[in-house]
Structures are given as C-alpha cells and as structure tokens.
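Below: the structure, in structure tokens.
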Amino acid sequence: MTTEHVDVLIVGAGLSGIAAGYYLQTRCPAKTYAILEARSALGGTWDLFRYPGVRSDSDMHTLGYSFHPWQAPKAIADGPAIRAYIRETAETFGIDRRIRYGHHVRCVAWSSADGMWTVEAEVTPQAAREDAGARQDQDQGKQTVRFTCGFLFMCTGYYDYENGYTPQFPGIERFAGRIVHPQHWPDDLDYAGKRVVVIGSGATAVTLVPALARQAAHVTMLQRSPTYIVARPSEDKIANWLRRRLPGTLAHRAARWKSVLFGLYFYTYARRRPDTTKRMILRMAQQQLGPDYDVETHFSPRYNPWDQRLCLVPDADLFVAMKSGRASVVTDQIETFTETGIRLHSGEELDADIIVTATGLVMKLMSGVRLMVDDVPVDLSKTMAYKGMMYSDIPNLATAIGYTNASWTLKCELTCAYVCRLLNYMQRHGYSSCTPRKHDPSITEEPLINFTSGYVQRALSALPHQGSKKPWKLYQNYALDLLSLRFGVVNDGTLEFARPGQPVPLEGSRSRAG
C-alpha cells in the first residue's frame with residue numbers, strides 16, 4: 001500500500017470542510033492539502049438530509065460564507081438551495097478538485113518521532129479504482145488507503161451520519177404501517193392522503209409537520225414536552241434593502257453583522273431575563289394560533305429559553321398548518337405502539353398510516369475515528385477542549401465545531417482562520433508541532449456543551465470537557481471569539497511547540513521559545 005503525503009489533511013466536505021479548504025489555499029498558499037469525504041458528494045448535513053421541507057434554522061447571511069456571500073432573497077433557505085450553494089462555492093474556488101470521495105477515515109495515529117499523522121481510510125470500490133495505492137483486505141473485503149500529514153483538520157461535524165436516535169418504544173414491532181427516521185428518508189415514501197404522526201418537538205419535527213401537511217390527510221406532532229418555537233419571515237427585508245442600495249460586499253457585511261448583533265443581543269437578553277423572554281415567545285404563539293388555543297400546554301416548556309436551542313418556523317408555517325386543520329399538536333407520552341397507531345398514557349389513540357421518529361441525533365465527535373498518539377489510544381472524554389477546536393495533549397489536530405446558539409459557520413470560519421494563523425506561526429518559527437497543555441491546576445472541568453437537550457445529555461460522558469477559564473472555556477459568543485481567535489496571541493503559554501527532530505514536550509513541561 002502506497003502512502004500519500006500532504007501538509008494538511010481535511011476530513012469532511014460539508015460547510016466546514018469547504019471553508020477549511022478556502023482558508024488554507026488563500027492564507028497558507030504554500031501548504032498542500034486534500035479533503036477526504038466518506039460519502040459520494042459534498043455538502044455534509046445538507047446532502048445527507050433529504051426529508052420534506054428540510055431547511056436551515058439560521059439565516060443564510062451568517063450560515064453562508066463571509067468570502068462568498070449568499071445572494072438569494074430568502075434568508076431562511078431550504079436544503080437543496082444550501083446544498084447547491086456549497087457546491088457552487090467549492091467549484092468557484094477550485095476546492096472541489098481537492099476532494100477525494102468515498103474515503104471513510106477509520107484510524108488516525110500521531111508519531112512524535114516522525115512529526116506527522118498517519119491516516120487510514122476505507123474506500124469504496126470506485127474510489128479504490130481511482131487510487132492505485134489502495135490495499136485490499138482479503139479478510140473483510142475492504143480496501144484501505146493511507147495518507148500522512150503534518151496537521152489534521154477534522155471537519156466532520158458532531159453527529160453520527162449512519163444512525164439517528166430512536167428510543168425503544170413499547171410495541172413498535174406491532175405497527176402495521178411504515179416507520180421512518182428523518183435522517184434516512186426513503187425516496188419511495190408516499191404520504192399523500194395518509195395519516196402521519198411525527199414523534200418529536202425539535203427542529204426536524206417542526207420542519208416536517210408543515211411540509212407533510214401540504215399533501216397528507218392529517219399530520220400530528222406528538223411531543224412528550226414542548227419546545228420554544230419562534231416565527232420569523234423567511235426573507236430578511238433589511239438585508240434585501242441593503243443589497244439594493246449598497247455595493248455587494250458592503251451590503252453583505254452589514255447584513256451579516258446585523259444578524260450577528262441581533263442574535264447576541266437576543267441570546268444575552270433571554271439568559272438574563274428568562275421569564276420575560278418566555279412570556280414574549282408564548283404571547284407570539286398565542287397571537288398566531290388565536291385566543292382559545294391552549295398555548296400553555298403545547299408551547300410552554302419546563303425549561304428556560306436557550307437551555308435548549310430555540311426552534312424557528314419561517315413565515316409561521318407550522319402555525320399556518322395548524323390553523324388550517326391539516327396539522328395538530330398532542331402533548332402526551334407513548335404507552336405503546338399498536339397495529340394502527342399509538343396509544344398514549346392519557347388513553348387517547350392516534351391512528352396513523354406512517355410514523356416518523358423525529359427523535360434526534362446520535363452525537364459522534366470526529367465520526368468516531370480511532371485516535372492514537374505515540375501508539376497510545378486516546379479517550380476524548382479525558383481531554384479538555386482548547387479554544388473550542390484543539391484538545392489537551394493531542395498535537396497538530398483541530399476540529400471545526402459551530403455554535404449552539406448561533407450559525408454554525410460563524411465559529412467554523414473563525415476556527416479555519418485561526419488554524420491558518422497557527423500554521424503560519426509555526427512555519428515562521430521553524431516549529432513542526434504544537435500541543436495544548438493544561439498547566440493551571442485551578443482550572444476545573446465543565447461539560448463541553450451546557451445544553452439540556454436529549455442528544456447532548458446522552459453523549460456528555462463520551463465528549464471532551466471544557467474548562468472553567470480561558471483558553472479552555474467556551475463562551476458561545478462570536479464577539480469574544482473574534483477577539484480571541486483573530487487578534488489574540490498564538491503562543492499564549494498553553495500551546496507547546498517543538499521543532500523537527502525534537503520530541504513533543506512531555507505533559508507538564510513548556511516550550512515558550514519563539
């Protein structure tokens with residue numbers, strides 16, 4: 001098996017991976033790079049999810065790239081439009097030519113002696129035919145390729161692409177109709193004129209319900225507990241006004257910062273005045289559904305706003321579907337599935353031809369790759385996240401993870417730009433490796449994500465921690481991150497640097513040279 005070397009290896013060709021490619025080729029033009037993508041197309045989340053109505057719940061002025069402005073009038077875009085935008089961006093900047101499709105990374109191993117990562121990926125038969133260096137594993141019928149790189153940039157998101165989360169519902173095997181999970185929506189599913197029950201109350205459920213209601217006989221959103229739901233126009237009138245009156249780049253920057261600042265303001269206000277914010281959100285729902293609707297039962301969560309992510313409904317489409325009678329919300333718990341639907345704890349029965357389990361994601365950081373440092377397996381749950389992108393005692397590795405309270409791309413672009421700053425700093429000073437070390441014993445561990453959402457709580461024990469102080473603290477704040485990642489010093493006393501042939505310093509030592 002032959003081995004190919006690049007300076008930087010990016011894993012994942014979604015929103016983050018394409019951004020990483022752009023920043024590397026513009027800010028580190030001398031660095032060679034490749035992008036490994038497990039699937040057969042770019043787009044990541046936006047290529048995987050194909051359920052009816054799939055869309056963003058962040059505005060495209062911030063979910064889109066700063067270097068390739070979103071031009072369409074709709075700020076809340078659907079999945080196909082976002083997928084086309086990512087593809088257009090990759091083609092415009094030639095990033096698509098660096099992508100190796102059908103390469104599923106399984107194992108990554110760092111060698112301090114060699115100062116590089118070795119990456120092994122399973123490849124599809126087509127990808128193997130295109131790679132003469134692929135090795136056939138006779139025992140398992142799999143083919144493997146190997147890469148080495150000086151820096152590894154994981155842009156794989158944070159959830160399992162292969163499996164969504166479905167609880168163990170009693171009697172689920174009894175249901176005679178069809179059960180589907182939105183993460184793997186079947187192309188042949190005909191729901192026209194059918195009775196559909198969507199289990200869940202998160203972003204996927206509130207997207208599916210109005211989309212299915214256009215053709216289904218009736219759609220019921222069955223929720224164990226409510227979620228905060230906020231309606232807003234799909235078009236941003238201010239952004240469109242700016243686009244008509246200002247030069248393109250200036251209009252985009254103004255629209256982007258308008259969205260950023262409003263998001264920061266609303267999040268801060270909600271956390272400081274949760275009761276007032278809750279009343280405001282419920283009042284807006286009441287206005288949409290009418291004075292007689294029981295908003296308190298169906299739209300008043302037990303938690304405070306932003307303890308979990310708020311759900312966005314563009315143009316109030318969920319409320320419109322409910323007012324039309326084509327959709328409804330039931331708040332109850334499942335006692336058992338039956339042959340014809342679902343029986344609830346209250347005794348009510350929901351008849352269904354199709355049941356959609358919009359019950360969440362399975363978190364899987366770095367796609368579950370096997371991680372080794374100097375032949376020692378790494379347990380990510382024992383590490384601490386440095387600046388939300390690197391991990392204690394793991395050299396030359398970064399991940400692109402977006403915000404939980406704002407657009408994904410805002411944080412990912414900051415991360416990509418910082419990685420380029422770091423690579424250029426290392427090149428100027430002759431360093432070949434950098435490793436985050438936690439030296440301050442007063443820094444205590446905290447959960448990586450302070451969310452009460454089920455998918456987060458189920459995964460916390462397997463995730464890295466954050467720290468109680470910077471640079472280990474995650475602030476989920478674009479303004480603070482901008483100051484830290486764009487203008488803060490690279491050699492901050494937490495990163496330890498080593499030169500070629502020099503061993504990576506042991507934990508507890510420090511390299512402050514340069």
Here the pair of heavy atoms bringing P233 nearest to I76 is O-CG1, 4.1 Å
Side-chain ion pair, D236 and K258, N-O less than 4.0 Å: yes
Working for side-chain hydrogen bond (donor to acceptor under 3.5 Å, both in side chains), residues W110 and S112: CA-CA 6 Å; W110 169 262; S112 295; 3.2 Å; yes
Determine the interplanar angle of the H68 and F93 rings, folded into 0 to 90°, and report it as parallel if under 30°, tilted if 30 to 60°, perpendicular if over 60°. perpendicular
Has T32 got a side-chain atom pairing as donor or acceptor with D7's backbone, closer than 3.5 angstrom? yes
I'd like to check the side-chain contact (heavy atoms from CB on, under 4.5 Å) partners of R421; sequence neighbours left out, ordered by chain and number. Y418, V490
For a quick check under 3.5 Å, do D59 and T62 share a side-chain donor-acceptor pair by atom type? yes
Is it the case that atom NZ in K470 sees more than 12 heavy atoms from other parts of the structure closer than 6.0 Å? no
Are Q183 and Y51 close enough, and set up right, to give a side-chain hydrogen bond (donor to acceptor under 3.5 Å, both in side chains), and what steps lead you there? CA-CA 7 Å; Q183 188 164 320; Y51 59 81; over 6 Å; no
Is it true that atom CZ of R302 has more than 12 heavy atoms of other residues, nucleotides or ligands lying nearer than 6.0 Å? no
Indicate the atoms forming the closest heavy-atom contact of A400 with S16, along with that distance. CB-CB, 3.8 Å
Which pair of non-hydrogen atoms, one from T227 and one from G202, has the smallest distance, and what is that distance? OG1-N, 4.4 Å
Under a 3.5 Å threshold, yes or no: a donor from one side chain and an acceptor from the other, between Y267 and N477? no
State, to 0.1 Å, how close I281 and L310 come at their nearest heavy-atom pair, and which atoms those are. CD1-CD2, 4.0 Å
Is the backbone of Q476 close enough, under 3.5 Å, to the side chain of N405 for a donor and an acceptor to pair up by distance? yes
I'd like to know if D275 pairs up with K278 as an ion pair, taking the criterion as any Lys NZ or Arg NE/NH1/NH2 lying under 4.0 Å from an Asp or Glu carboxylate oxygen. no
Where do A255 and L242 come nearest, in terms of heavy atoms and distance? N-CD1, 3.9 Å
For the student: nearest non-hydrogen atoms of L312 and D57, plus distance: CD2-O, 3.5 Å
Does K387, at its NZ atom, have more than 12 non-hydrogen atoms belonging to other residues, nucleotides or ligands within less than 6.0 Å? yes
Go through it in stages, so that I can follow the logic: the residues are Y391 and W472, the test is ring-ring contact (aromatic ring centres under 6.0 Å, His included), and I'd like the CA-CA distance, side-chain angles, deciding distance and then a yes or no. CA-CA 9 Å; Y391 303 93; W472 306 97; 9.5 Å; no
Partners passing salt bridge (Lys or Arg N to Asp or Glu O under 4.0 Å) against D440 (at least two apart in sequence or in another chain): K469
Please confirm whether Y85 and Y65 have ring centers closer than 6.0 angstrom. yes
Has R98 got its NZ or CZ under 6.0 Å from the middle of the six-membered ring of Y33, at an angle within 45 degrees of the ring axis? yes
Without swapping roles, check the side chain of D315 against the backbone of S234 for a donor-acceptor pair under 3.5 Å. yes
At what distance, to the nearest 0.5 angstrom, does CH2 of W46 lie from CD1 of I82? 4.0 Å
Could you tell me whether R245 atom CZ has more than 12 heavy atoms of other residues or ligands within 6.0 Å of it? yes
Is a salt bridge present between R146 and E120, judged by a nitrogen-to-oxygen distance below 4.0 Å? yes
Ring-plane angle category for Y22 and F67, please: parallel below 30°, perpendicular beyond 60°, tilted otherwise. parallel
Ion pair E122/R106, N-O distance below 4.0 Å: yes
Heavy-atom neighbours of D375 CG exceed 12 at 6.0 Å: no
Got a second to check how far L380's CG is from M366's CE, nearest 0.5 Å? 4.5 Å
Side-chain donor/acceptor of D114 to backbone N/O of M116, under 3.5 Å: no
Centroid separation under 6.0 Å, is that true for the rings of Y159 and Y161? yes
Test your reading of the model: is there a side-chain donor-acceptor pair from S468 to the backbone of T444, 3.5 Å cut-off? yes
Residues E4, R100: salt bridge by 4.0 Å N-O rule: yes
Hey, mind stepping through W117 and F153 against ring-ring contact (aromatic ring centres under 6.0 Å, His included) and telling me if it holds? CA-CA 11 Å; W117 287 95; F153 199 177; over 10 Å; no
Do the side chain of H252 and the main chain of L250 share a donor and acceptor less than 3.5 angstrom apart? no
Please confirm whether the backbone N or O of Y431 pairs with a side-chain atom of H429, one donor and one acceptor, at under 3.5 Å? no
Salt bridge check, E162 against K364: does any charged N sit closer than 4.0 Å to a carboxylate O? no
Side-chain donor/acceptor of D307 to backbone N/O of N304, under 3.5 Å: yes
Rounded to the nearest 0.5 Å, how far apart are CD1 of I35 and CD1 of I10? 4.5 Å
Would T148 and H5 count as having a side-chain donor-acceptor pair, cut-off 3.5 Å? yes
Nearest 0.5 Å please: distance from the CZ atom of F151 over to the CG atom of L423. 5.5 Å
Take the angle between the ring planes of F266 and F262 and call it parallel below 30°, perpendicular above 60°, tilted in between. parallel
Has the side chain of R271 got a donor or acceptor atom that lies under 3.5 Å from a matching backbone atom of P305? yes
Any donor-acceptor pair under 3.5 Å from T409 side chain to L63 backbone: yes
With no hydrogens and no angle check, do the side chains of R437 and T494 hold a donor and an acceptor under 3.5 Å apart? no
